[in-house]
Amino acid sequence: MTGSRGGAGLGPDRGVPGLIVKFGDYPLHHGGVGAIRSLGRLGVPMCAITEDRHTPAAASRYLTRAFPWPTTGTEEPARLVAGLLRIGRRIGRPTVLIPTDEEAAVLIAEHQEELAGADFGGFLFPRVAPALPRRLASKQGLHELCAEHGLASPDSVCPQSRNEVEKFAFTARFPVVAKNREAFQRRERPAVAGTTRINTREGLLELARDWGERPGVILQEYLPREQAEDWVVHAYFDENSAPLALFTGVKVRSWPPHAGMTANAYVVDNPELADLAARFVKEIGFTGIIDLDLRFDRRDGQYKLLDFNPRVGAQFRLFESEAGIDVVRAMHLHLTGRDVPEGEQRAGNRYVVENIDLPAYLAYRRSGYVTPHAPARATGTELAWLARDDMMPFFTMLARFVRPGARHLIQLWRTSRRGGTTTK
């Protein structure tokens, strides 16, 4: 669903480039490739921060310029801001910032004046309350916001010491889910490799040995997959927190299974979920792109918010309206004073991430899990990597996937041996 807000013309402003902003070493990021293609196909010059010159994003025919800048996400904010400004001066004109991770979204929000007022004309981005993206990206902060606004979320605790973890271990009902609590901290001192299901008390105590005296972790109730269904919301909100583009869909498979990155998903109309998301965003006053993960709990009939990502989601290209609008196009149009055309979402469209959907399919087939709301047949399919008009990102992904893919599988095996199953 999209809605127009009076702008200065039709079509994109091809004089305003886009810049993909990410911090950390994860070159196989299909969301960035999707954003480059989305605007690049409209003739918008696209730039990207990349780990090196040989990433899938750097290989895209729609990328005008790559800026190789190896980062870890543990750098001082002043250094990251200075690096962004240097890149802006090299581009030499106002540029729309497109963050693809939480650290980038938080940094942009907390340094808005420096970035918007730069001498090359400044960066363009949605103006938001500076502290809000950090709070939304924080698992603890999000849980508190949900409680404040009456939105369901999993029962959670945020242990402040090793002793509190031990007390929780002897009172909790297992399995439980552990997540890194804060943006940036997950890069500096990660408690877990990703969202991790912990099956036993002994498994929790074993993992907690490495967490130190002040564990940066949140522990949540596990919502059993047999009684739940995973939904996603992607949207772009204007300066009044009104949706200019809002889409809903259902996850069919994720990798690692049942709570990880989307591997296969469908566009499914869900007015109830769309209204719930729009109300929450209006109440908290957020502006910009969102990527929400929610789990529908059949036991109580509630959608429970798991993650609020205040940035472009990796699978955003699942969603496009009948007018050809996705959330990245909506943001670029709005920030450059153009109209955002109205149009309903293309229901039944499917999104597949080729390098992770095959192992996910095999795992789900063994478990027998199915998603009731998934359409029996797709009306169309969007692949994350392979595109007829832009083949090189796919082949670059294949060339770089073998080693990190094997390493990730080994990490999953080791985690499961210690009593937890990494799931995101």
Side-chain angles (χ1 to χ4, degrees), residues 1-18 20 30-46 62 96 98 100 124-126 231-250 262 265-275 277-278 281-282 286-292 311-352 375 378-384 387-390:
M1 293 172 284
T2 65
S4 177
R5 296 293 184 271
L10 298 174
D13 185 341
R14 296 180 178 88
V16 180
I20 307 299
H30 49 276
V33 173
I36 291 166
R37 288 170 172 166
S38 178
L39 290 176
R41 285 169 176 151
L42 301 181
V44 174
M46 291 302 295
Y62 293 107
V96 172
I98 306 168
T100 59
L124 304 177
F125 47 85
W231 289 80
V232 293
V233 177
H234 287 231
Y236 175 73
F237 291 84
D238 69 10
E239 60 277 5
N240 298 312
S241 299
L244 300 190
L246 197 157
F247 307 97
T248 60
V250 66
T262 300
Y266 283 84
V267 180
V268 176
D269 292 333
N270 189 329
E272 178 187 356
L273 183 57
D275 289 344
V281 169
K282 183 70 172 180
F286 183 79
T287 298
I289 290 178
I290 67 168
D291 165 20
L292 307 186
R311 43 78 176 168
V312 177
Q315 73 274 19
F316 84 94
R317 281 295 303 160
L318 166 66
F319 301 108
E320 188 174 295
S321 75
E322 294 173 347
I325 296 299
D326 59 33
V327 294
V328 170
R329 290 175 177 176
M331 182 173 72
H332 191 277
L333 288 167
H334 180 242
L335 292 177
T336 56
R338 303 299 176 111
D339 291 325
V340 180
E342 297 181 352
E344 296 299 315
Q345 67 179 15
R346 292 175 175 166
N349 197 45
R350 178 176 60 177
Y351 187 77
V352 177
T379 57
T381 298
E382 175 89 11
L383 298 176
R388 288 184 179 181
D389 62 338
D390 191 28

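For reference, positions follow the sequence shown, starting with 1. Excluded from the calculations below are hydrogen atoms, water molecules and symmetry mates; all remaining heavy atoms, backbone and side chain alike, are included.
You'll find the side chain of L333 reaches within 4.5 Å of the side chain of I325, heavy atoms only. At least one side-chain heavy atom of D389 sits under 4.5 Å from a side-chain heavy atom of Y62. Between M331 and Y236 there is a side-chain heavy-atom pair separated by less than 4.5 Å. Within the 4.5 Å cutoff, the side chain of D291 has heavy atoms near those of the R311 side chain.
A search for salt bridge (charged side-chain N to carboxylate O under 4.0 Å, His left out) contacts involving R14 returns nothing, not counting sequence neighbours. For R350, there are no salt bridge (charged side-chain N to carboxylate O under 4.0 Å, His left out) partners, not counting sequence neighbours. Residues that satisfy the side chain to side chain contact (heavy atoms under 4.5 Å, CB included) test with D13, not counting sequence neighbours, are V16, T336, R338. Applying the ring-ring contact (aromatic ring centres under 6.0 Å, His included) rule to H234 yields the partners F319; only residues at least two apart in sequence or on another chain are considered. Every side chain to side chain contact (heavy atoms under 4.5 Å, CB included) that A314 has, sequence neighbours left out, goes to H29, H30. Listed by chain and residue number, nothing satisfies the ring-ring contact (aromatic ring centres under 6.0 Å, His included) test with Y351 (two or more places apart in sequence, or in another chain).
When every heavy atom of P12 is checked against every heavy atom of V44, the shortest pair comes out as CB-CG2, 3.9 Å. In terms of heavy atoms, P375 sits closest to G348 at CG-CA, 4.2 Å. Considering all non-hydrogen atoms of both residues, V232 and L273 come closest at O-CD2, 4.4 Å. Across all non-hydrogen atoms, the minimal contact from T248 to Q345 is N-OE1, 3.0 Å. Minimum heavy-atom separation, V328 to A35: CG2-CB, 4.3 Å. Nearest heavy atom pair, residue L244 against residue V340, reads O-CG1, 3.6 Å.
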Do D269 and E344 pass the side-chain contact (heavy atoms from CB on, under 4.5 Å) test, and can you show the C-alpha distance, the side-chain angles, and the key distance before you say yes or no? CA-CA 9 Å; D269 292 333; E344 296 299 315; 5.8 Å; no

Show your working on side-chain contact (heavy atoms from CB on, under 4.5 Å) between W231 and V268 and close with a plain yes or no. CA-CA 9 Å; W231 289 80; V268 176; 3.7 Å; yes

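To the nearest 0.5 Å, the span separating CG on N270 from CZ on F247 amounts to 15.0 Å. Taken from CZ in R346 to OG in S321, the straight-line distance is 6.5 Å, to the nearest 0.5 Å. We find the CD1-CG distance between I20 and L39 to be 7.5 Å, quoted to the nearest 0.5 Å. Here the CZ atom belonging to F237 is positioned 5.0 Å from the CG atom belonging to L246, to the nearest 0.5 angstrom. Atom CG of N349 and atom CD of E382 lie 7.0 Å apart (nearest 0.5 Å). Taking CZ of R388 as the reference point, atom CG of L383 lies at 10.5 Å (rounded to 0.5 Å).
Of the residues R37, R41, R317, the one that meets the salt bridge (Lys or Arg N to Asp or Glu O under 4.0 Å) test with D326 is R317. S38 pairs with exactly one of R329, H332, E320 by the side-chain hydrogen bond (donor to acceptor under 3.5 Å, both in side chains) rule, that one being R329.
No side-chain donor-acceptor contact under 3.5 Å links D339 to the backbone of P341.
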